[in-house]
Amino acid sequence: MSQSIKGFSKLSKEAKLEWLAQTHFERPEAALDLLKSYWHPDASVQKRHDEFIENTVSNYYLPFGVAPNFLINGKTYVLPMAIEESSVVAAASKSAAFWLERGGFKTEVISTTKIGHVHFIHWGDAQRLHSVVEEHQERFYAATEHITANMRARGGGIVSIELVDRSADEPGYFQLEARFETIDSMGANFINSCLESFAQTLREIVVEAPAASEADREVQVVMSILSNYTPECVVRAEVECAVAELNEGGGMDPVEFAEKFARAVRIAEIEPYRATTHNKGIFNGIDAVVIATGNDFRAVEAAGHAYAARSGCYTSLTHCAVENGRFRFWIEIPLALGTVGGLTALHPMVQWAHELLGHPNARELMQIVAVSGLAQNFAALRALTTTGIQKGHMKMHLLNILNQLEATEAEKAEIVAWFADKVVVHAEVVRRFCELRDIPVPAPKVTRN
Ligand code: MEV
């Protein structure tokens, strides 16, 4: 009974809800009640959330957790993490506690430059185009002075503007490739505004300069947009200890553990099937902090995966070396993050997260986020190469299963205690739950595609 509608965005919020409930739900009142139960009780806070996007009808909750004991360059942090996956915060906390005892994480920002392009087509003389762009560099800067004034006052701005000839790959295709320093803002709006101004200046200088043909005077701007690939905005995080210190009662000999761990990383370096899952686990840690701190996790993911494929073969974002009795494990990853502007100034929970972290600037946040990715990968590989991932994962997932079964608090406590020394398997949880309630165990559902 799904229907289409014209002018939905123009309807009032109440009218939108009414239309949705009446046209898409068997029990309209229940559907409305559910949406409204997720509204913030303070109408002004709700209004702020409503205005983040178009057609807001409610809020979508994600758990907001914290992982303490992250020692980074000698300073201790509690990481804010917004994520739905059961085991991620537990894994982060475990990793943090492990490395707290072994010197913590060391980090370094390698570079912070961001890149954007005016993509355009030009059929005239390429040599003349080069000269025009070179001779009129100042015009690009002058035309953007009103856009860049604040950024320049903070020490950032436009770093360079270059013409790139891509006509060998696509006939007539050129780029103005610009580099930017955006200090503590992620800078997307700043960069895109500069690029649109560059496109206009380019059109003007190409028309004005002496030309031998009509084609020389023409550019067709296809688009002006920042690149989310930020290989010049990179951070490194590392942990290191003596191999002998890797023994923490897990039962495996530390030398054997170090070698097996390094081999697991090596497999991710050479096998894209494994690298994808390996990096996904890294982004479990990264995205959670990126979301909690109000940054754009899609941009961060896109950059990370592009960086992982920069050699032409998709590979691991982390690396490991076991040499001379030392274990080293590190990540190098592009992270374009902001600590001012965007959601950081608007979302109350994001502001709380920034305060929890001690109001880091963008460089510090890059380091914290990289550490979160490295810690998460360490926890995943440690589990994978020793006990297997399901033991810890299912333990954390147990409460989800019990909630699905609508178990009472007393039943939950009893079943959690029962599984304390057992591997959690979904069917076993159901069986134990039914036993406790003295009801028949349902027959497994058979589904056919
Ligand atoms: C699950 O979300 C992430 C892992 O699969 C990562 C990995 O395999 O390294 C556990």
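When a residue number appears, it is its place in the shown sequence, counting from 1. Being a predicted model, the structure only gives us computed values, none of them experimental. Whatever order the structure lists them in is the order used to number ligands and atoms, beginning at 1.
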| field | Ser93 backbone acceptor or donor facing Asn69 side chain under 3.5 Å | value | no

| Per-atom contacts, ligand 1 versus Lys280 - under 4.0 Å to a heavy atom | 1 (C), 2 (O)

| task | Please work out whether the ring planes of Phe283 and His305 are parallel, tilted or perpendicular, with thresholds of 30° and 60°. | result | tilted

| Hey, what's the ring geometry for Phe378 with Phe261, parallel, tilted or perpendicular (30° and 60° as the breaks)? | tilted

| task | Compute both the distance and the angle, then confirm whether Arg382 meets the cation-pi test with Phe98: under 6.0 Å from the six-membered ring centre, within 45 degrees of the axis. | result | yes

| Do other residues, nucleotides or ligands put more than 12 heavy atoms under 6.0 Å from the NZ atom of Lys422? | yes

| message | Before you tell me yes or no, could you show the steps for Tyr173 and His119 under side-chain contact (heavy atoms from CB on, under 4.5 Å), namely the whole-Å CA-CA distance, both residues' side-chain angles and the distance that decides it to 0.1 Å? | response | CA-CA 7 Å; Tyr173 173 34; His119 301 273; 2.7 Å; yes

| Nearest protein heavy-atom contact for atom 9 (O) of ligand 1: which residue, which atom, what distance? | Arg274 NH2, 2.7 Å

| note | The closest protein heavy-atom partner of atom 6 (C) of ligand 1 is Thr277 O, 3.6 Å

| query | For Asn377, is at least one N or O under 3.5 Å away from an N or O on ligand 1? | reply | no

| message | Suppose I only count heavy atoms of Gly281 and a 4.0 Å limit; which atoms of ligand 1 are within that range? | response | 3 (C), 6 (C)

| said: I'd like to check which ligand 1 atoms, numbered from 1 as shown, lie under 4.0 Å from a non-hydrogen atom of Asn284. | reply: 1 (C), 2 (O), 3 (C)

| request: Would you please indicate if the ring centroids of Trp352 and His347 are separated by under 6.0 Å? | output: no

| task | Just jot down the ligand 1 atoms closer than 4.0 angstrom to any heavy atom of Leu384, in number order. | result | 7 (C), 8 (O), 9 (O)

| note | At under 4.0 Å between heavy atoms, what of Ile389 touches ligand 1? The answer is side chain

| message | Suppose we measure from atom 1 (C) of ligand 1 to each protein heavy atom; which comes out shortest, and what is that distance? | response | Glu85 OE2, 3.4 Å

| Taking only heavy atoms of Ala380, which atoms of ligand 1 are found under 4.0 Å from at least one of them? | 9 (O)

